[in-house]
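Just so it is clear: chains get the letters A, B, ... in the order the sequence lines come, proteins before strands, and each one is counted from 1. The figures here come from the full heavy-atom set of this structure, side chains too, leaving out hydrogens, waters and symmetry mates. From a predicted model like this one, the values you see are computed outputs, not experimental measurements.
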Protein chains: 2
Amino acid sequence: MGMSEKGLGPVGLFRAKGKRITPQRRLIVEIIQEHEGHLDADEILLRAKARYPRLSLSTVYRTLDLLRELDLVKELGLATYRRHYEAKPNEEHQHLICLGCGKVIEFQCAHCLDIHQNLADQHGFEITGSRVELLGYCPQCAEKEVDHVHRHLPSE
Amino acid sequence: MGMSEKGLGPVGLFRAKGKRITPQRRLIVEIIQEHEGHLDADEILLRAKARYPRLSLSTVYRTLDLLRELDLVKELGLATYRRHYEAKPNEEHQHLICLGCGKVIEFQCAHCLDIHQNLADQHGFEITGSRVELLGYCPQCAEKEVDHVHRHLPSE
DNA sequence: TTATATGCAAACAATTTGCATCCTG
DNA sequence: CAGGATGCAAATTGTTTGCATATAA
């Protein structure tokens, strides 16, 4: 599945969306792709500055947003840094979150939790909670997304 | 399982950990437990002020931390509001996160993703990503946790 | 050339903290 | 009445934005 996009690489994806290729962007992509595991904005800046001292933190953030938009990067943690709380539920449940309007739908998936427990046991972890968040667009917001993508097709 | 704790209620849990019961804490617990769904700190403050106008936002935060510690509340979103990124993996994977030392272990659970996709379809969602984070303590940190709990037993 | 990207500094927003005061146990 | 809890304001911290300048296409 989908080997073609992969062959393109970031540069191709940039062009396809009418985004420019700058040394800063190249560098940030490189750092993230070379690195096993996850990095935060500060860590990326630190590594990048070794090779490009003038780089600014805002460029890192702007580039990360772009990479997320191009689906080149996966984000760990909540996009909005606002914490939400709910009374500890009797039944664990999971969340379906709309990135468009922020709507949250709860659902249950007991089977998943079993699997998770097994995995945790394998690693000797003592699990105190889990967070299963499916991110995407609800039917209403999905339409707007389509418009948004169309606007960026290489048609001009 | 575990009906006994439930019978105690928040007040009992507070006492068991040597925490004081104040009207502010009572109120905040009440608000969260009465509310279906999730609330953030501001929303809690807003509702609480209707009945207790002098309440401050920092008390809300401090109380939320306490409730989390007592496991009376579940948190949606990342505890640290620092976003982390990783190169978009070919295989989706999930994270096992140690709340003690921050260690992150990646694992795969393809079966879960199928289940999630089904759920998403049921709700008409267009999924763009998922976040499965199991939170707990790794073997090393779990020990320290035990100490921590012992220190709070009503033994003095 | 010309709109897009960048760097810098200032602005923001969520959360945390210091400290004097209050109040539970 | 002693130490934990609160309220207030100021400090932190992660992230975003405005704007003049630099630069990819």
Can you tell me how far C1' of dT16(C) sits from CG of Leu66(B), to the nearest Å? 16 Å
Can you check whether Gln24(A) has a side-chain N or O nearer than 4.0 Å to OP1 or OP2 of dG7(C)? yes
Can you tell me the distance, in whole Å, between the OH atom of Tyr61(A) and the P atom of dG14(D)? 7 Å
What is the separation between atom CD on Glu69(A) and atom C1' on dA5(C), rounded to the nearest whole Å? 14 Å
Provide the closest heavy-atom pair for Leu55(B) versus Lys49(B) in the form atom of the first, atom of the second, distance. O-CE, 3.1 Å
Can you identify which nucleotide, out of dG14(D), dG7(D), dT4(C), has its nearest atom closest to the Arg20(A) side chain? dT4(C)
Of the listed dG7(C), dT16(D), dG7(D), the closest approach to the Asp65(A) side chain comes from dT16(D)
Between Asp65(B) and Arg68(B), is the closest basic N to carboxylate O distance under 4.0 Å? yes
Could you state the atom-to-atom distance from NZ of Lys49(A) to P of dG7(C) in whole Å? 9 Å
Using atom CG of Leu45(A) as one end and atom P of dG14(D) as the other, report the distance to the nearest whole Å. 13 Å
Starting from the C-alpha separation in whole Å, work towards a yes-or-no answer on side chain to side chain contact (heavy atoms under 4.5 Å, CB included) for Arg20(B) and Arg15(B). CA-CA 7 Å; Arg20(B) 294 186 177 171; Arg15(B) 294 224 171 91; over 6 Å; no
Flag for Asn118(B)-Gln122(B): side-chain donor and acceptor within less than 3.5 Å: no
Whole angstroms only, please: what is the NZ-C1' distance between Lys19(B) and dC23(C)? 17 Å
Classify Phe14(B) by what it touches in the nucleic acid, base, sugar-phosphate, or nothing, heavy-atom distance under 4.0 Å. nothing
Would you mind classifying the nucleic acid contact of Leu57(A) as base, sugar-phosphate or nothing, using non-hydrogen atoms under 4.0 angstrom? base
Is Thr22(B) close enough to dG4(D) that one of its side-chain N or O atoms is under 4.0 Å from OP1 or OP2 there? no
Send over the distance from Asp42(A) CG to dT16(D) P, rounded to a whole Å. 13 Å
Need to verify one output field. Residue with the more 5' nearest nucleotide on DNA chain D, Ser58(B) or Arg25(B)? Arg25(B)
Quick check on DNA chain C: between Leu55(A) and Pro23(B), whose nearest nucleotide comes earlier from the 5' end? Leu55(A)
Using a strict threshold of under 4.0 Å (side-chain N to carboxylate O), is an ion pair present between Arg51(B) and Glu30(B)? yes
Could you tell me whether the side chain of Arg62(B) has a donor or acceptor atom within less than 3.5 Å of a complementary atom in the base of dG4(D)? no
Between CG of Leu70(B) and P of dA5(D) the distance, given in whole Å, is 11 Å
